[in-house]
Every structure is written in structure tokens, then in C-alpha cells.
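All chains are named by letter (A, B, ...) in the order of the sequence lines, taking the proteins before the strands, and each is independently numbered beginning at 1.
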Amino acid sequence: MLFSSPIFIFLFLPIVIFLIGVGRKSWHNVILLFASIFFYAWGALSQTPIFLFSIVSNYCFGLLINNADGKKAKLYLSIGVTVNLLLLGYFKYFNFLMENINALFSATGAKPIEYSKVALPIGISFFTFHAMSYIIDVYRKKVIVQKDLLDLALYISFFPQLIAGPIVRYIDVATQFQKRTLSLEKTTVGIQRFIFGFAKKVIVANAMAYLADKIFNAPIGEISAGTAWLGIIAYTFQIYFDFSGYSDMAIGLAKIFGFDFPENFNYPYIAQSIKEFWRRWHISLSTWFRDFLYIPLGGSKGSNAKTIRNLLIVFFCTGFWHGASWNFIVWGMFHGTFLLIERIGFDRVLSKVWKPIRIGYTLLVVMIGWVFFRADNLTAAIDYLGKMSFIASKGNVQMFLVEYLDTKTIFLLLFATLYSFGTFRWLIESIKKGFNTNENGYQLVFYSTKFIVSASLFFITVLYMAGSTYNPFIYFRF
Amino acid sequence: MKTYLKILNILMLVFFFGMLALPTANENLHLIKENKNSENRTKLKKPEFNDTIEKYIKAYDDYYTDNFNLRDNFIELLNKLQFSFFNVSSVPDIVTVGKDGWFYEASCALNYKGANHFTKKEVEKFRNELIKRTKWAAKRGIKYYLVLVPNKMEMYPEHLPRQIIQTSDVFRYDQIASLNNDSTINIIDVRENLLRHKNDGWELYQHTDDHWNELGAYYGYQEIMNRVSKDFPELKPIPLNMLGVSVEQRYGNMATMLNVEKEYPEQYIKLTEKYKIFGHDGIKKKYKTLPLISEPEYEIVKENDNGKKLKCLIIRDSFTMLMIRFFQEQFAKLVIIHDQWMYRVREDVVIKEKPDIILNIALETRIKNIIDFPFTLSADEQIEQSIAIKAANGKYFCAEPNHTIVVNREKIGSWETFTLVKYENNECAFLSCHNFFLSSDLSGKGDVTAFSEMASDWEKFKLIELGDDFVAFKAGNGKYLSLDEKTKNLFATADKIGANEKFKITVVK
């Protein structure tokens, strides 16, 4: 069930909010847990046992680690992490592994191995990382073990963050299962956050996806260099507005139910280096890898060679985590390489140049990286980059830039650009600076405007969501 | 102030929850009147639980997405908003918003741009398909015509949005229309006649619909009858002065899809007969219908008892509908089949109806279906086959990418596979996998290469059967195709058939 689907918006969500509204506070966790498991089962009923197994096994590992000392605790942790990684490895990477083994076999003339494809359980990348953060932090004694299975189950399965993150670490929400505030103000903030995320996804990301898909799906020979650039610009916005939109919806929903989730995005496209980009993009993932992989590997404390090794391992894993394909590995390593280049001295060069150049450099690297992320395979990515570079043969160009730039697309591209570069935030901050924010008049205008904008935006986004299901048939009864 | 903020927060909560609950509440309370379905399709029905839970969930999800209360109201509002703010279509893959209140079918853009023009191989395939149909019909005493109808973009490009630009100088319409140069093919290109009358004072296509109007249809019909009358002199088109022209307000399908039909009503150009109508509904044979086409639309039969003799079978799409009233006055019997845009000539229909004329009337946008759904003939009538050719040295012909032909291959792969195209009088041509015809240099040394994109005299060979599965090929210069054992190349230089002039053809499946 997607947050932007009619069944979620018009059935699931109002029912859950209604139950929370009328239900006693002591029932809230149970209501949310059942709602979350229903949410998961609705999208992947046959995979629900795997999901439940993950919850129960991690609950047990938590208890075992907590009740044991020293080496035994470490052993339980190792088993726990291994079980989670095996789960992830088997369901997410088995097919990829077999495809590569068979490609190797066929290259050497050997008979390929026959195997049945494994279906990927929805959200497995997220719930295994949630669970691992929990057992690792229990081992590190950073959190108190959760003895209530229902609460731990709610942590792992809580539907706002279940299928698209953010990766909320147990340490960040541990206390909120028993003590959390559910106020009118907080709910309003949550609603408005949800609406903004919903609009980002449905209005902007979907329109950008339509544009990017059209261009990326066209034969490479038929698109002009300008069109190729428009395609990657559209995808750059699509992935940001889609992913950050989902995160906003998750954070907003969590707030509606009284939880406070950490932020996941912070205007990544204004980053002035790749290092900074990863502090602003998918923050929950990068901090997870930092705390649970990079630092345990030794971080940057050892020799330069070790730091380089650690960084490359982390970015290999980051890429691979995003999907079982060489594209994602190349994407991860591409980012890792630029991080290294910056680390060995390029950051000093960067710091001396004009800020727009720093942002431009970062954006260019990020956008080239997105080509690997979006293209169907590595060959397609290289062909696409060739087209972007203006050096590829012109071929039989049929799709020119002008064809895609209707008024709506221009408007959305402009909006996405202004939003991504933090223009609206800057505008709001500038207005705030000019007024006494505690004044009644200011508050009246500010909150009234926010209400009108949120309400209108929600209404329009609902229209867009309905519009996305519009499928008229040209065949008339003639 | 605190109270005001509290009120705002309550309002936000009420509005948010109200919007979330609106479809369910309205379903039960009927506060807002639901719009009628404007999608011109049947919506998904509520699933019944008769399979796995997982399948039921998926089916229910799809059903809900298609049927949630007020969905059509929301869509209409969005369509209107998008149109008025951005002047764009909410279904850009279906409707293109043009200038001056003109709307176009979006899928026509590829044809208009020339972006989807046919490859040489496809044109050849088209030609062969039409020859196949024409010959098959001729064997049964029937005259077969393909009627090409231009789409609206082609006819009225002046109202297209600036985004739609022509990117090629080769267009499907022209490619197919040019096949008319082949004397065995009968293509009726109605575009010329429409263009001739485009500026006569009345528009020929509708502004807000993807179809022509009744006057456009008349000029289409006029051109068809002008051409058919060359073969059937007794048929003459009804003159335009026998028809009266008037204007009526209607709603076009393109504007309706964007829910702006009321804002853009169609001034529909209508014709009225000034003559006595003899054509009337006839008895249907009730041929098996196709999934998307309802029974009344699949087969239309018109009869005319006013001394007419000829029978006509029309394979149609929607553009034919406005011409039926004219055709029905010309034929004793008119059978019109909507083949779900596949434009096939169904053998069973032809055998049962025994028409004198077959009109395959197709909008250019969907013309490729003619080759995508080819006419299937019995094996002995096939004129196109995949084959490999073995020479006296026991090796197969191979078309190298550099256009040379070598006879040195042990096995049949793609380079060793040719399309054998058969013509009349045992003439044939060989199309390589690289889409070039085998060609003998008639003016020079007679060496055989594969570089020609068209099958002309230099590419045609006479196929001579020698018995024991051996064949020989005589080139246009009167010489036989011969294997040069040293170079393993082919030459059209032999005067007699010896061992090196004998070949064996293997059909490749």
C-alpha cells in the first residue's frame, strides 16, 4: 500500500486516525501495531511470515544479548547480525548472485545453473536495518532492551517508515513507545508535514517521473543532447521529491500519532561537496552506515590506506543496499571515488572557489551518478552519458528539448529548482527576520497563510492523486 | 491569539480528516452528486473472493482505485484546473492541446513528426502484404483497395502546439502512398482531395474531436469512388450539390476527455441529403465479434434494392462511419466490419459475402497494423519465406556486413538466412539479414553483392527448378548465378547450368 494511493488516503489512514482518536491511550500501540501489520500484509501477504520472523527473532536476540555478558553477548550479536544479513542477502541478492554466476558460466561455455527466482519482500532493506540497529545498540548498551514484544514489533513494523524509510534507529524512538505527547499542535504540524510530502510526491515527483521515463525509455539514438540533459534533470528532481516526499509523509504521519522521527533530507542539492551531499541526502542511511560500518571498520582513525579502504567499503555497501544490480554498485563507488578525491586534497581547492561553482561541481557529480542509478544497465548508462557529453553521434534524433517543455513542465521545473535550492525556506526566513515573530499580527498572518496553503495543497494533491488513476479510453461507441 | 491558533489547528484537523473521509462519507450520505464516468470504459467490478487472499487484495485495491466515491468529480476538477492554468492536457499521451481551441489525438504526433517512418524492410513487407491481399482477392474475382486516411495533425498542422515539430522528411503516409506506383497495388490516397478542398470555406476535420466532419468524410468518399469508378465505371460519386451543408453544436471526444467540452463546443459541419435514400439496414450474418468491439459495431450491413448490383466489403475504423450513408447508395449490399483496428481481410467473411470490392479503410496512425496482422495464406500461396541457400561446395551463402556475399559457411545463422520474396513468373529476390537485397551487377562483371535497398531489375532472379531439390537462378542479364570456387563469391556470368550453377534452398523456421 503506497501512501499516495487512494486506498491508503481514503480508507486505511482515516480508519487508523479514527481508531487512535477514539481509542484509549493504552490501546494506541496495539492499534498501530495491528494497523502496521495489516499495512504490510496488504502489499505482501505471502511475505508477511518472513517479516514476522524478523521481528520475533530480533526480539529474542535483543533479550539474549542483554542477558549475556562479554563473549556470549558478542556471539549472540554476531548470530543476530548474521541472521539479518542472511535474510537480506538471500531475499535481495540471491537472484543477482545467480545471474552473475550463470553469466560467468556461459562465458566459459559451462551449463548455467537452474534456479527459482526469489521474490523480494517489501521493505526488507529497511526493516532489517531497523532491527540490526536495535540489537547492535542493545549490545553496545546504548539502549535498554525492549522486553515488550508488542513495542519492539511496533518499532520494526511501524507503517509510516516501513517500506520507504527513514531508517529510524531504536535509540531515537525508544522512549516514545511508552511516553509520547499527542497534542493538537503536534498533530497539526504532522498533518502539514504529511501534506507537503504528499504534494511533493504526487504533484512534482510524478510529473518529473513521467518526463524522465519518456526520455530514458526512448532509443538513445533518437534523443538530442539537450533532451538527455532534460531527462537527467527531471530524474534528479524525481528522485529527490519522491524520496524526500515519502520521508516527509513518514515524519508527518509519525507526528500525527505522537512520534518524533529524525530528519532524512536537508536540501541535498545545495551541498558544496560530495561529502556534504551525504550529510544532507538520506541522512538516516548515511548515519547508519557511519555508526554501524564505517566507525567499526576504524573510520578515518587509521592510516590513509585504511581510511580509503573503509570509505570504499561503505560506499560499495551503500550502492549495493539500494538495489541488486551493478548499476547501484557503480553508483556507490562513483560517489565513494569523489569522496576520496575530495579527501586527498580537492576539498581544499573547492574551498577556495566561488560557492556557485562548488554547488555546480557537486550537482554535476550527483547528476552523473543518477544516470547510473536510473539507467536499465551499465551499457545504457554509458550510452546516455555519451549523449549528455554532446560527443555521441547525432543519429536519428527525433526527440528535441522543445517538445517536452509545455507550460506545466516549465512551471514544475522552475518550482522544483527554487525549492531544491532552498529559495522558499530562505524567503520564509527573510520574512521572519523582518518581523517580530511573537507579535500577534505576525502569527495571525503566518499561521493563517500556512493553514490556507496546506489545505489548498492537500485538496489539489488529492485531485492529482485521483487524476493519476484517470484512464480514458479513446474508442467511442461510434 | 492562542484561541485563534487553536481554532486554526482544529480547522486543519477537521479539514484533513474530512478530506480523508469524504469519499466514504459521501458514499453513504450522498451529500455531493457523483459525476458520471467520462472515461468511456467500464470500470472494474467489485471482486469476488474465489481465489487466493493475495489475488483478492490486489483485485480489491484495483477496484477501489477505479471506483472510489467522487473520483470522477475530482478528475473533472483537475482536468479543468490543469487546462485553465497551464493549457495542457491531463492525459498527454491521449490528447494534445493545440492552439485556437483545437485538440488532437496525441498518438498521431509520431506520424506527423515522421519519427516512426517505416524502414525499407517494413515498406517492402507492406508492399508484399498488399500484393498478397490484392492477388488473393483477384483470384476470387474481387478488387482489393487500401484507403489511406490522413490524421488531423497532417491536415491541420497550423493549430498544433509549438512543441510538436517535424523531425524527419520521411513520413509513413507518403511511404505507403508511394507504393501505388506498383501496378499490382491499389492504394487510394484521399489526402490530396481533402487538401484541395481544405480552404473552400468549410473545415473538414472537427476542432475538438480527432475525426473528420461530414464534409471531410464526403471528400474522402468522393476520392474513393473516383478511383473505384476507373475499375467499375458504373460507380460514380454522389455530387456535392446533392447535399446541403449546415452547422450543429456538438461535443468532441478530445475536449470531453479533458472535461472542457462545454467551454469548447464543436461547431459540427453536417450534410443533409437532397436525394431519396434507398440504402437501408440489411440482415447480419453475425460474425464472431472481437473483445473490444460491441456486437452492433462489429458488423454493419446495408442493402439497396434500387437496381444496384455490386457488393462491397469494407474493413473499417471510426473514420468510415460518416461515409456509410454515401456508400450505401452505391451498392446492392454493403458489409462493414470493424476488425478492432487490425484491418485484416477475413477469409471466412469474404467467402460468405462474395463481394466485388474490398475497401480496407485505415487511418494512417494505425496503418502499421496491416503488416503487424498480416493476411495468412495457405502454404502454397506464400510469397515470403526465410531461407538459406547451399551451393555446390556444400557451403551456405553468407551476407557479410560489408555487403559482400561469400559461400563458405558450414552452418545456418542469421547472416546465412535470407528472406525469399517471390514475384510473378517465378521471379524472386533475396533480402539479407542486414536488410539489403542481393544484387547482380548487370552492367559490369556480374558480381553479386548485397547493397541494394530496393528490389529492382538488378535484384530480381528467375527461379528455375531443376529437380532433386536443385534450383538455378537467372539474373536480369540473362546469365545464371554461379559459384566461383576459388574466391567463394557469386557471379551472374554463366551461360549454362553446370554444377556450380546448382543450388539448394532450405526453409529456415
Item to check | From CA spacing to verdict: salt bridge (charged side-chain N to carboxylate O under 4.0 Å, His left out), A:D406, B:R162 | outcome: CA-CA 9 Å; A:D406 60 37; B:R162 62 175 173 76; over 6 Å; no
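- In this structure, CG in B:L78 is found 11.5 Å from CE in A:M465, a value given to the nearest 0.5 Å.
- The main-chain N or O of A:Q443 is never found under 3.5 Å from a side-chain atom of B:Y4 such that the two would form a donor-acceptor pair.
- Other residues, nucleotides and ligands contribute only 12 or fewer heavy atoms inside 6.0 Å of the NZ atom of B:K55.
- For B:P92, the parts lying under 4.5 angstrom from a heavy atom of chain A are both the backbone and the side chain.
- A:T188 places none of its side-chain heavy atoms less than 4.5 Å from the side chain of B:I10.
- Using modelled atom types and a 3.5 Å distance limit, the side chains of A:Y464 and B:Q82 yield a donor-acceptor pair.
- Residue B:T65 touches chain A through both its backbone and its side chain, counting heavy-atom pairs closer than 4.5 Å.
- Using modelled atom types and a 3.5 Å distance limit, the side chains of B:D93 and A:Y210 yield a donor-acceptor pair.
- Residues B:M19 and A:F458 form a side-chain contact, since some pair of their non-hydrogen atoms from C-beta on lies under 4.5 Å apart.
- With respect to chain A, the highest number of heavy-atom pairs below 4.5 Å among B:E54, B:Q166, B:K6 belongs to B:E54.
- With a 4.5 Å cut-off on non-hydrogen atoms, A:S448 touches chain B through its backbone and its side chain both.
- Atom CG of B:L44 has more than 12 neighbouring heavy atoms from other residues, nucleotides or ligands inside a 6.0 Å radius.
- A:I15 does not touch chain B: none of its heavy atoms, backbone or side chain, sits under 4.5 Å away.
- Interface with chain B: from residues 249-256 of chain A, residues A:I256 qualify, criterion being any non-hydrogen pair under 4.5 Å.
- Interface residue B:F16: backbone and side-chain heavy atoms are both found under 4.5 Å from chain A.
- Using the six-membered ring where Trp is involved, B:F86 and A:F411 have ring planes that are tilted, between 30° and 60° apart.
- Checked by atom type and distance alone, the side chain of B:R71 pairs as donor or acceptor with a backbone atom of A:T469 at under 3.5 Å.
- Counted by atom type alone, A:S5 and B:Y64 present zero donor-acceptor pairs between their side chains at under 3.5 Å.
- A pairwise comparison of heavy atoms in A:I9 and B:L20 identifies O-CD2, 3.2 Å as the closest pair.
- With a 4.5 Å cut-off on non-hydrogen atoms, B:L70 does not touch chain A at all.
- The NZ atom of A:K186 sits 14.0 Å away from atom CG of B:N9, with the distance rounded to the nearest 0.5 Å.
- Residue B:K58: no heavy atom, backbone or side chain, is found under 4.5 Å from chain A.
- A heavy-atom distance below 4.5 Å is not found between the side chains of B:I164 and A:E403.
- Distance CD1/A:I195 to CZ/B:F15: 7.5 Å, rounded to 0.5 Å.
- Proximity to chain A is limited to the side chain of B:L81, based on heavy atoms less than 4.5 angstrom apart.
- Contact of A:F194 with chain B is made through the side chain alone, with heavy-atom distances under 4.5 Å.
- Residues satisfying the ring-ring contact (aromatic ring centres under 6.0 Å, His included) criterion with A:F38, sequence neighbours excluded, are A:W42.
- Smallest separation of non-hydrogen atoms from B:N87 and A:T407: N-OG1, 4.5 Å.
- Top candidate by heavy-atom pairs under 4.5 Å with chain A, chosen from B:N79, B:D66, B:T24, B:L22, is B:N79.
- Between A:V402 and B:Q163, the shortest heavy-atom contact is O-CG, 3.2 Å.
- For chain A, the option among B:D61, B:V88, B:V91 with the highest count of heavy-atom pairs below 4.5 Å is B:D61.
- Of the inter-residue distances, the one linking B:S90 atom OG with A:K408 atom NZ reads 8.0 Å to the nearest 0.5 angstrom.
- The greatest number of non-hydrogen atom pairs below 4.5 Å with chain B, out of A:G467, A:A455, A:S454, is found for A:A455.
- Counting heavy atoms from C-beta outward, B:Y56 and A:L45 have side chains that stay 4.5 Å or more apart.
- Heavy atoms of B:L5 lying under 4.5 Å from chain A belong exclusively to its side chain.
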